[in-house]
Enquirer: 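Sharing a structure here in structure tokens format.
Position 1 is the first residue of the sequence, and the numbers go up from there. Bear in mind the structure is a predicted one, so any value in this text is a computation, not a measurement.
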Amino acid sequence: MLNINNNLSYTKLFEIDTRLVISSLISLAISLYLNGQIYYIVRKVKNKMWLSNLLSIIVVQFLDTILFILIYFLGNLPIIDIALMMVIRYTFKLIIGIAATGIIYKGNRLLR
């Protein structure tokens, strides 16, 4: 029988990482606020929904990535590793965000 009270792996897997929670909440709160602001400003100036969406994705995902990784990993990993994680994470977020935007707008056009 597994004794979960003395199992280091179990404890590490399910313990709450305060730094992770704080970095997630800070980056999420700032990203959500800025997403709305950027979307509103671009939509007001250009009146193009797809442009507003793409610009807000590009800027907000960049800031979200930078904030989260800096808060969570700074001081725990070498700067080169942190920079590499930022580039990789932002690239994936950008690809997924742009692809999802395209799919949603194509699907919306087909349904009309």
Enquirer: Indicate if Ile22 and Leu77 have the same hydrophobic cluster label, given that clusters are the connected sets of ILVMFWY residues with side-chain heavy-atom separations under 4.5 angstrom.
Expert: yes
Enquirer: Just verifying a value: how many Å separate Ile66 CD1 and Gln61 CD, rounded to the nearest 0.5 Å?
Expert: 11.5 Å
Enquirer: Check this for me: Ile80, atom CD1, are more than 12 non-hydrogen atoms of other residues, nucleotides or ligands nearer than 6.0 Å?
Expert: no
Enquirer: Kindly state each residue pair satisfying salt bridge (charged side-chain N to carboxylate O under 4.0 Å, His left out) with at least one member in residues 23-38, sequence neighbours excluded.
Expert: none
Enquirer: What pairs meet the salt bridge (charged side-chain N to carboxylate O under 4.0 Å, His left out) rule with one or both residues in residues 86-96, with sequence neighbours excluded?
Expert: Asp64-Lys93
Enquirer: Quick one: do Ile98 and Phe92 end up in the same hydrophobic cluster if we chain Ile, Leu, Val, Met, Phe, Trp and Tyr together by side-chain heavy atoms under 4.5 Å apart?
Expert: no
Enquirer: Looking at residues at least two apart in the chain, or sitting in another chain, which of them share a side-chain hydrogen bond (donor to acceptor under 3.5 Å, both in side chains) with Asn53?
Expert: Thr101
Enquirer: At what distance, to the nearest 0.5 angstrom, does OG1 of Thr65 lie from CD1 of Ile69?
Expert: 6.0 Å
Enquirer: Got a sec, which residues hit side chain to side chain contact (heavy atoms under 4.5 Å, CB included) with Ser52, two or more places apart in sequence or on another chain?
Expert: Tyr39, Val42, Arg43
Enquirer: Give the cluster check for Ile30 versus Tyr33: same hydrophobic cluster or not, with ILVMFWY residues linked at side-chain heavy-atom distances below 4.5 Å.
Expert: yes
Enquirer: Considering residues at least two apart in sequence or located in another chain, which fulfil the ring pair (Phe, Tyr, Trp, His ring centres under 6.0 Å) criterion with Tyr40?
Expert: none
Enquirer: Quick one: side-chain hydrogen bond (donor to acceptor under 3.5 Å, both in side chains) partners of Ser56, sequence neighbours excluded?
Expert: Asn35
Enquirer: Does anything in residues 77-88 form a side chain to side chain donor-acceptor pair (under 3.5 Å)? List the pairs, not counting sequence neighbours.
Expert: none
Enquirer: Supply the atom-to-atom distance Ser24 OG to Leu67 CG, rounded to the nearest 0.5 angstrom.
Expert: 11.5 Å
Enquirer: In the single-linkage hydrophobic clustering (I, L, V, M, F, W, Y; side-chain heavy atoms under 4.5 Å), do Leu20 and Met86 co-cluster?
Expert: yes
Enquirer: Kindly give the heavy-atom pair with the smallest separation between Ser23 and Ile71, and that separation in Å.
Expert: CB-CG2, 3.3 Å
Enquirer: Please name all residues satisfying side chain to side chain contact (heavy atoms under 4.5 Å, CB included) with Leu28, sequence neighbours left out, ordered by chain then number.
Expert: Leu32
Enquirer: Is there a path of hydrophobic side-chain contacts, each under 4.5 Å between heavy atoms, that joins Ile41 and Phe62?
Expert: no
Enquirer: Can you give me the closest heavy-atom contact between Leu74 and Ile79, atom names plus distance?
Expert: CD1-CD1, 3.8 Å
Enquirer: What pairs of residues pass the salt bridge (charged side-chain N to carboxylate O under 4.0 Å, His left out) test when at least one of them lies in residues 17-40, not counting sequence neighbours?
Expert: none
Enquirer: Among residues at least two apart in sequence or on other chains, which ones pass side chain to side chain contact (heavy atoms under 4.5 Å, CB included) with Ile58?
Expert: Tyr90, Leu94
Enquirer: Phe68: which residues meet the ring pair (Phe, Tyr, Trp, His ring centres under 6.0 Å) condition with it, sequence neighbours left out?
Expert: Tyr72
Enquirer: Among residues at least two apart in sequence or on other chains, which ones pass side chain to side chain contact (heavy atoms under 4.5 Å, CB included) with Ile104?
Expert: none
